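This report concerns only the one structure given below.
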Number of protein chains: 2
Amino acid sequence: MAKVHAEAQKEQILNAAARLFIEKGFGGASMQEIAEALGMTRTAVYYYFKNKDEILTALVEEVTLRARRLSSRATSEANTDPKEWLRTLVHQHTMLILSHHNEFRVVDRTEQQLPERAYRANEEAKRAVLSNFTAAIEAGVKVGVFRVVDAKVTAFTMIGMCSWPAFWYKPDGPKSAEEIADTIAELAVQSVIRPARRQLKSAGDVSEALALLREDLDHLSLMIEKQPKSG
Amino acid sequence: MAKVHAEAQKEQILNAAARLFIEKGFGGASMQEIAEALGMTRTAVYYYFKNKDEILTALVEEVTLRARRLSSRATSEANTDPKEWLRTLVHQHTMLILSHHNEFRVVDRTEQQLPERAYRANEEAKRAVLSNFTAAIEAGVKVGVFRVVDAKVTAFTMIGMCSWPAFWYKPDGPKSAEEIADTIAELAVQSVIRPARRQLKSAGDVSEALALLREDLDHLSLMIEKQPKSG
């Protein structure tokens with residue numbers, strides 16, 4: 001119980017600190033103001049974080065290192081379907097950003113001020129996330145489920161799709177976090193997928209091919225009906 | 001000639017200022033340092049910009065207001081093809097970010113410190129860009145060229161795709177700006193496009209339908225050849 005309470009307190013402090021750093025800049029907000037924003041004493045805040053650097057380091061842990069763990073788990077659990085692997089990566093990364101949008105922006109804005117160790121951990125974590133996204137895209141291209149794309153530029157772009165909500169998301173907006181993440185995951189998957197009908201199935205399904213032919217015939221009939229009569 | 005020289009000087013100052021603001025924060029970099037970075041006298045810098053606020057305002061002009069003008073022009077010039085309209089929006093916005101990646105990050109980071117008028121101009125310009133992206137997506141959905149998507153979440157996501165290079169692009173990387181913008185524009189278009197073969201063409205093209213049928217037949221032959229012999 002005590003541990004849960006402490007975790008909740010820390011989370012509250014980080015959240016308030018992130019909001020203040022966004023408003024006033026990292027240099028502009030003091031430990032005193034963070035405490036005041038929460039109706040806590042300054043001593044209570046110092047109990048959890050020795051100084052603002054420790055708060056920054058904890059924010060990196062909350063956002064970038066968690067993103068790394070999530071993407072690495074999805075990658076190690078990935079089955080043989082690159083489409084679902086990619087969908088999971090995008091969906092969970094977007095959900096993380098949506099639930100930590102202020103924290104994410106603070107980490108981005110204060111990268112240059114991060115204590116050396118936190119800075120390095122942050123850089124490494126970002127590289128790991130990029131490499132997990134790249135691996136999923138490369139796997140999909142390799143088996144012909146995805147178009148032939150530059151995997152690295154594409155991976156960066158998808159991380160951008162996941163991260164951008166940090167710059168516009170409002171928790172009281174008309175769409176739920178889950179709906180937004182679903183939409184973004186689908187956009188990401190569709191952006192690389194090859195049209196289903198051009199995909200070569202490893203196990204050819206004749207009845208499916210016949211169904212496609214039938215669909216084309218329907219399409220053709222429709223077109224012929226539309227042609228101006230020739231006589 | 002003199003005007004061109006002055007414009008080039010201003011551009012250089014903005015560029016150096018943006019790099020310093022990224023490194024040291026807006027509060028941490030002085031006019032003196034900006035001058036030193038360029039090997040100019042402080043007086044020369046003051047000739048172009050009265051203070052750092054004026055530099056910030058000029059950076060907003062360079063990035064957000066220019067993005068607004070570009071997207072509005074593409075929208076007013078858009079022909080009836082929402083796919084090409086969207087492609088143009090994404091491509092030119094990405095190119096703008098690639099050529100102004102530091103400037104863009106400074107504007108993002110210092111939004112709260114912008115002088116009131118620049119702040120409002122920046123917000124209005126962002127809204128206009130969003131509304132131009134949204135209009136292109138809605139147009140494509142309406143004529144059935146794009147999937148049915150939430151136009152606003154999709155527009156935000158595409159602006160994210162265009163903007164993310166600001167966070168990773170290095171001008172000396174292996175890909176040219178043009179190649180990156182091409183890749184991102186294609187990802188954006190593909191993310192919403194309906195598979196071509198499901199689109200109902202307003203003017204039915206029989207020869208195209210026959211070509212599709214032929215492709216399906218080839219596909220079917222391939223499958224049949226792959227089936228285990230039955231006797």
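Numbered from 1 within each chain, the chains take letters A, B, ... in sequence-line order. Computed from a predicted model, the values in this text were never measured in an experiment.
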- Atom group of A/Gln112 that falls short of 4.5 Å from chain B, counting heavy atoms: side chain

- Query: Which atoms of A/Thr154 come close to chain B, meaning under 4.5 Å heavy atom to heavy atom: side chain ones, backbone ones, both, or neither?
  - Reply: both

What I want to find out is whether [X] reaches [Y] closely enough, with some N-O distance under 4.0 Å, to be called a salt bridge.
X        : Y        : answer
B/Arg127 : B/Glu124 : no
A/Arg19  : A/Glu23  : no
A/Glu116 : A/Arg120 : yes

- Note on the structure: Under 4.5 Å to a heavy atom of chain A? For B/Phe26 that would be neither

Best-contacting candidate, [options], against chain A by heavy atom pairs under 4.5 angstrom:
options                      : value
B/Val192, B/Ile180, B/Ile159 : B/Ile159
B/Arg109, B/Lys24, B/Met161  : B/Arg109
B/Lys126, B/Glu111, B/Glu186 : B/Glu186

- Selection from A/Gln113, A/Glu179, A/Arg105, A/Met158 maximising heavy-atom pairs under 4.5 Å formed with chain B: A/Arg105

- Message: Classify the ring geometry of A/His93 against A/Phe133: parallel below 30°, tilted from 30° to 60°, perpendicular beyond 60°.
- Response: perpendicular

- Write down the atom of A/Asn132, the atom of A/Ser71, and the distance for their closest heavy-atom approach. ND2-OG, 2.8 Å

- Starting at CG of B/Leu59, measure out to CG of B/Leu14 and round the result to the nearest 0.5 Å. 5.0 Å

